[in-house]
Amino acid sequence: MCGIVGYIGSKEIKHELIEGLRELEYRGYDSAGIAVMQHGNIQAFKAVGKLNNLEEKTRNFETSGPGIGIGHTRWATHGKPTELNAHPHMGQYSYVVHNGIIENYREIKSMLEGEGVHFLSQTDTEVIVHLFEKEAADAEDAEALFKAFKHTIEQLDGAYAVLLITQKAPETIFFARKGSPMIIGRNSEGEIYFASSDAPLIGKAEEVAYMEDGVIGYATPDAIHAEPDHLEFVPLSGDKLSAQKGGFRFFMEKEIYEQYQVMSDTMIGRVLDEDVAFEELSNDFLEGIERIKICACGTSYHAALTSSYLFERQARMPVNVEIASEFRYKEPLLNPDTLFIVISQSGETADTLEALRMAKEAGLKTLAICNVDNSSIVRMADTSILTRAGIEKGVASTKAFATQTMVLWMLSLFFAKRRGSVDAKTVATETSFMHQVPRVLKEALDVHEKCKRLSKRYLHGHGFFFIGRDIFYPLALEGALKLKEISYLHAEGYPAGEMKHGPIALADAELFTVALMPKTILYDKTKSNVEELSARDSTILSISPEMFELADDFILTHPHAHPMLEFFEMMVVEQLLAMEIAIRLGNDVDMPRNLAKSVTVE
Ligand code: M6R
């Protein structure tokens, strides 16, 4: 949801900013812009659309020697994706970039307009730079300018990560953070970097500080000043190469293909020979926990829903799963014997973060299952289990979902063992199945060619139903979400047994049914539901280890002895199918329209 970068140093500033933005482009790509200051002059460039357009526009712009700069890649919230609405936004002598939403911007804007300020954009962000210039009207020295910046930030309601530069302080970047992530990095060459995630800093900064909410400060080539507390710098490690496409057409494809490898990381130290363990969960922490509530959004919600079957079946614990954006406003009843779990790939999803905050305020014990260490959600939760999927860049979540689901399967067994609802033999059998997951994820890739061929047929029609029962119902929801977000085709996930209660009215040859038909769970029941659809002429694509005579097309999966192994294989099939359909339609699979990787607005 927008990405911001900043740079202080002597390298080619445009290059540093654009390289940083490239790493953040997945967060939004409606427009991009940079502002560079050297020798007291600021030059700004903006372009609508992807970063390539900005690169093209700045082709002949170069800098040499020390300077500073800020940059932004936008996911539009207020105002259309036009050049005027692109960041950086300018005042008379200052420029600002912002990630988040200023909730009271209308009030501030009308106050400023009343004083004669002229606004160029429809964004909420522009108020920041004008407000700053009003506050800084008489400020000349660094101290007075910082005071003006602080007064500006104090007047903002909402979420923000802000970088501001002004000709009045030609070597300074002012920064503030509340609710939207911001990281500052530095190295021994005296360079300072800012970014919305640590990806742009890998290979550039030697140490980084993950700013806490409420941090405000400024950086110059000589010093970094932050309030209310000093920034805590920690070494930054990471392998830049692992975030590149590595020969695949899209990050999504690469991420589907690396699922079997990252899954081993997810399991290390947790799935043992005949046991499961989580060093993140102490006995003290779990004392008194009798039920679980899980909040998440999108794909992470589907992982949560899957786990509700596992927890109840294995651990015999009541589990309640909620979409975070709904949970926030329903005045939920929260019981102290509840473990509140949030699931998030990014750890920055605003709705999930807010749900977590509410649970903490209610005094519940909280656990984050998250892919990004040091993210806001990880830092807020009492404890966290990292999914270890590595950087996920494709907007369509794949390996994050796989690893979340795996952690939840392990966790349900962990609770089952703890509560005595399963015996040691069952724990050993379950772990032996868990050990097979990486292999299953690898073998599942065998159907890629078949998905490519099938994608020719599944491009038109009036929609898709993904259907399944039990844990294959959340998987059906996930298959439909994958397809719609990257192909823009209408798709719905439905419990197979529920079709007869209405949706079957849509059935005809133009309705594509993707039927998840595992052999290990409710096969005959699902088969009957698919037969009902087939009898009404729906075009059926069955995904099953068994040939289904009424299917128009089929993808044969490997036979497995455990539903979760069938689950993981069918998950890969859904991902590949959605990706191949989207590629055939000519879509940008990694950056689908209207979306952003990390949703930091409500
Ligand atoms: O980072 P999070 O897991 O909290 O994100 C939640 C959703 O925004 C995310 O899963 C979204 O639905 C994906 N684009 C799905 O592929």
Side-chain angles (χ1 to χ4, degrees), residues 1-7 17-18 20-35 46 51 54 69-79 81 85-90 95-105 121-129 131-132 149 152-153 156-165 173-185 193-201 208-217 219 344 346-354 372 374-377 379 395 591 595-602:
M1 214 72 351
C2 299
I4 62 178
V5 293
Y7 175 70
L17 294 175
I18 288 187
L21 290 177
R22 178 144 344 273
E23 296 294 330
L24 296 178
E25 200 180 8
Y26 67 94
R27 297 172 68 92
Y29 32 84
D30 289 331
S31 63
I34 55 171
K46 306 176 182 197
L51 199 55
L54 180 68
I70 54 177
H72 188 272
T73 178
R74 177 169 188 246
W75 186 79
T77 57
H78 293 74
N85 288 332
H87 300 217
H89 289 286
M90 63 171 186
Y95 282 79
V96 71
V97 291
H98 161 228
N99 167 28
I101 288 186
I102 306 303
E103 285 166 4
N104 59 339
Y105 84 99
S121 77
Q122 299 150 320
T123 65
D124 52 337
T125 303
E126 197 183 343
V127 298
I128 304 173
V129 70
L131 198 54
F132 170 75
F149 182 65
T152 305
I153 297 297
L156 307 178
D157 291 340
Y160 46 79
V162 171
L163 296 178
L164 182 142
I165 58 175
I173 296 182
F174 294 93
F175 58 85
R177 186 235 147 142
K178 189 185 131 210
S180 299
M182 186 152 58
I183 298 158
I184 182 168
Y193 290 88
F194 292 87
S196 302
S197 83
D198 50 18
L201 307 183
V208 295
Y210 298 88
M211 290 187 202
E212 295 293 338
D213 264 354
V215 165
I216 184 162
S344 174
S346 61
E348 301 295 345
T349 301
D351 288 318
T352 311
L353 189 60
E354 177 58 19
V372 180
N374 280 307
S375 58
S376 304
I377 283 177
R379 281 182 291 143
V395 163
M591 295 185 199
L595 296 178
K597 181 69 183 162
S598 154
V599 185
T600 53
V601 293
E602 198 182 324

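Residue numbers start at 1 and run along the sequence shown. What you are looking at is a predicted structure, and each value in this text was computed from that prediction instead of being measured.
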| said: What's the separation between atom CG in Leu54 and atom CD1 in Ile34, rounded to the nearest 0.5 Å? | reply: 5.5 Å
| task | Evaluate the criterion side-chain contact (heavy atoms from CB on, under 4.5 Å) for residue pair Val395 and Tyr29; output intermediate values, then yes/no. | result | CA-CA 11 Å; Val395 163; Tyr29 32 84; 4.1 Å; yes
| said: Would you call the rings of Phe132 and Phe149 parallel, tilted or perpendicular, taking 30° and 60° as the class edges? | reply: perpendicular
| said: Suppose we screen for salt bridge (charged side-chain N to carboxylate O under 4.0 Å, His left out). Which residues come up paired with Asp157, at least two apart in sequence or across chains? | reply: none
| What do you reckon, is CE of Met90 surrounded by more than 12 foreign heavy atoms closer than 6.0 Å? | no
| request: Report the residues that fulfil ring pair (Phe, Tyr, Trp, His ring centres under 6.0 Å) with His87, sequence neighbours left out, ordered by chain and then residue number. | output: His72, His89
| said: Please report the interatomic distance OH(Tyr105) to OG1(Thr125), rounded to the nearest 0.5 Å. | reply: 10.0 Å
| Closest contact, heavy atoms only, Ser196 versus Ile4 | OG-N, 2.8 Å
| message | Regarding Glu348 and Ser375, do their side chains bring together a donor and an acceptor under 3.5 Å, going by distance alone? | response | no
| From Asp30 atom CG to Arg74 atom CZ, the distance as rounded to the nearest 0.5 Å | 6.5 Å
| Minimal non-hydrogen separation, Gly3 against Leu21, with atom names | O-CD2, 4.1 Å
| note | Distance col, row Ile216:CD1 vs Met211:CE, nearest 0.5 angstrom, shows 10.5 Å
| Check against side-chain contact (heavy atoms from CB on, under 4.5 Å), Leu131 and Val129 | CA-CA 5 Å; Leu131 198 54; Val129 70; over 6 Å; no
| Which heavy atom of His98 sits nearest a heavy atom of Asp124, and at what distance? | CE1-OD2, 3.7 Å
| In Å, rounded to the nearest 0.5 Å, how long is the span from CZ of Arg379 to CG of Asn374? | 6.0 Å
| note | The reported gap from CG in Leu164 to CD1 in Ile153 (rounded to nearest 0.5 angstrom) is 8.0 Å
| query | Can you list the steps and then say if Val208 with Tyr193 is a side-chain contact (heavy atoms from CB on, under 4.5 Å)? | reply | CA-CA 9 Å; Val208 295; Tyr193 290 88; over 6 Å; no
| note | The salt bridge (charged side-chain N to carboxylate O under 4.0 Å, His left out) partners of Glu103 (sequence neighbours excluded) come to none
| said: To check you understand the geometry: which heavy-atom pair defines the closest contact between Ser180 and Asn99, and what is its length? | reply: OG-O, 3.1 Å
| Minimum heavy-atom distance Ile101-His78, with the two atoms named | CG2-CE1, 3.6 Å
| request: Determine, step by step, whether Glu23 and Val5 satisfy the side-chain contact (heavy atoms from CB on, under 4.5 Å) criterion, reporting the C-alpha distance in whole Å, the side-chain angles of both residues, the deciding distance to 0.1 Å, and the verdict. | output: CA-CA 10 Å; Glu23 296 294 330; Val5 293; over 6 Å; no
| message | In the structure I gave you, are the side-chain heavy atoms of Asp198 and Tyr210 within less than 4.5 Å of one another anywhere? | response | yes
| query | Is there a side-chain contact between Val215 and Phe175, using heavy atoms and a 4.5 Å cut-off? | reply | yes
| field | For Gly347 against Ser344, the heavy-atom pair lying closest together | value | N-OG, 2.8 Å
| request: Taking the side chain as every heavy atom from C-beta outward, state whether Asn85 and Ser31 have any pair of such atoms under 4.5 Å apart. | output: no
